[in-house]
Amino acid sequence: MSGDLITVWPRTWEEIWLPVSGSRFAPGDFFIELVIGTAPVSRPPRALAPFDSSAFDADGKLVDPEGIAARDKYDADLKSYLNSKDSYETALSSAVAAEEYFQRVHRQISDELSSIKFLQNAFVTIKELDDENLTTEYISLVKLFIANYNLRYDIRGEFSLYPTIPGVFSRVIEEAKKIASTDPHLKLLMAEYEEAFGDLTADRSQSKIKACLQKQFNFLEGMGQRCPGVTASTFGAIWGQLDWPHVTLRDVGLKLYGFRSDYPGLGHGGNPEGMLRQLEMKDFIGLSLVLASLTPYLAHDLDCSLCYGVER
């Protein structure tokens, strides 16, 4: 499970909307109110500007190709609007029609931000019904849903979904994997890293810890090579060519590369005199998290706003 709401969105029908609509506190026109509060109201298409006289032939027939295309599009848009308007007005005519309409709108939600906004708009609508018991029941159902599917959100205040720190971290990794899937080289590096990571389940020896960290460095190196303006091919050199808000932050990456190069068997033969002890699992977990946290700097096409996941 990715922790995203949209991946389990269809299940909200059975686990949130039907239970809250069936509550003894829900009014008979509950779905009508939800349609008004959550369903987008169609707007008519903008009227076409008058065509120039040159767009018509001697008989007054529109013959200009661009004009014909614009007219046909307007006619199609107007027809779509009228159908949508009719469906919307029908939905407001009865509770049964409203439930069917609301379910259709619910099924059309296809992205994370839209699903969050849908829940929040529904809360506003339910609160305006002025029944504290119904509002509390809705909030409880959403919280239970989030907990049951381990979604990456907390509910704060009256009803605001905020991403959790683990949730943001998980989304960064998921997005990095999506980026890697579009590039054969990165796809191979990611597959090798995941295999090495999985190998630690059965064997947590020094060689396996080092192998996994090596593969993670390799993957980040591959990501960094694709950044605009980067001409280097090694982690340390790439780090020096990236855009940084402060020199100290840049030095963090350079120090990590120094560790990789200097620690025996991690990237090179290394310097045994600099090694203080053998790597332990706490080192592996700590380094893995630190390296993963550097992904936004090395994956230039990573949408960090999307990783955060909530707009205000």
Side-chain angles (χ1 to χ4, degrees), residues 1-43 84 87-172 174 304-312:
M1 188 68 65
S2 68
D4 288 344
L5 174 58
I6 195 61
T7 60
V8 291
W9 180 251
R11 302 178 190 179
T12 61
W13 181 251
E14 296 284 344
E15 298 183 38
I16 295 177
W17 305 113
L18 288 184
V20 73
S21 67
S23 168
R24 62 191 178 95
F25 304 111
D29 62 349
F30 182 70
F31 276 113
I32 294 177
E33 295 295 338
L34 281 181
V35 167
I36 295 172
T38 64
V41 180
S42 298
R43 294 183 179 181
S84 177
S87 296
Y88 187 82
E89 291 175 348
T90 300
L92 301 184
S93 67
S94 74
V96 173
E99 180 176 350
E100 293 174 352
Y101 187 89
F102 180 81
Q103 190 170 12
R104 286 199 303 273
V105 173
H106 173 269
R107 286 197 297 263
Q108 292 168 1
I109 299 298
S110 59
D111 63 83
E112 190 72 3
L113 294 179
S114 295
S115 64
I116 294 169
K117 186 175 293 186
F118 194 91
L119 290 180
Q120 293 176 333
N121 288 343
F123 168 77
V124 172
T125 299
I126 292 171
K127 185 180 179 184
E128 288 176 350
L129 295 176
D130 201 25
D131 189 315
E132 186 176 344
N133 292 310
L134 183 62
T135 302
T136 300
E137 192 166 335
Y138 173 70
I139 295 172
S140 297
L141 286 167
V142 176
K143 285 183 175 180
L144 180 62
F145 189 85
I146 289 172
N148 285 344
Y149 293 101
N150 196 27
L151 303 184
R152 58 191 189 92
Y153 299 102
D154 284 330
I155 293 181
R156 301 182 188 175
E158 282 193 319
F159 191 89
S160 293
L161 271 68
Y162 285 83
T164 62
I165 294 173
V168 172
F169 204 90
S170 174
R171 187 59 184 267
V172 168
E174 288 295 322
C304 290
S305 294
L306 179 64
C307 292
Y308 190 76
V310 177
E311 288 184 343
R312 287 284 176 258

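Below, each value reflects all heavy atoms present in this structure, side chains not excepted, and no hydrogens, waters or symmetry copies.
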* Structure fact -> Between the CG atom in Leu129 and the CZ atom in Phe30, the distance rounded to the nearest 0.5 Å is 7.0 Å
* **Pair Ser114-Asp111, side-chain hydrogen bond (donor to acceptor under 3.5 Å, both in side chains): steps then yes or no** => CA-CA 6 Å; Ser114 295; Asp111 63 83; 2.8 Å; yes
* Structure fact -> Taken in chain and number order and not counting sequence neighbours, the residues that satisfy salt bridge (Lys or Arg N to Asp or Glu O under 4.0 Å) with Glu89 are Lys85
* What residues, two or more places apart in sequence or in another chain, satisfy salt bridge (Lys or Arg N to Asp or Glu O under 4.0 Å) together with Glu158? -> Lys127
* Rounded distance [0.5 Å steps], CG in Leu134 versus CD1 in Ile126 -> 5.5 Å
* Over all heavy atoms of both residues, which pair between Tyr149 and Glu15 is shortest? Give the atoms and the distance, please. => OH-OE2, 2.5 Å
* Which pairs count as salt bridge (Lys or Arg N to Asp or Glu O under 4.0 Å) when at least one residue sits in residues 137-148, sequence neighbours excluded? -> none
* Asked: Are any non-hydrogen side-chain atoms of Glu99 and Leu18 less than 4.5 angstrom apart?
  -> yes
* Which distance, rounded to the nearest 0.5 Å, do you find between the CD1 of Ile116 and the CD1 of Ile109? -> 11.5 Å
* Taking the six-membered ring for Trp and the single ring otherwise, decide whether the centroids of Phe118 and Phe102 are under 6.0 Å apart. => yes
* To the nearest 0.5 Å, tell me how far Thr164 OG1 sits from Asn150 CG. => 8.5 Å
* Measuring from Thr135:OG1 to Glu128:CD, what's the distance to the nearest 0.5 Å? -> 10.0 Å
* From Thr12 OG1 over to Leu119 CG, what is the distance, rounded to the nearest 0.5 angstrom? -> 7.0 Å
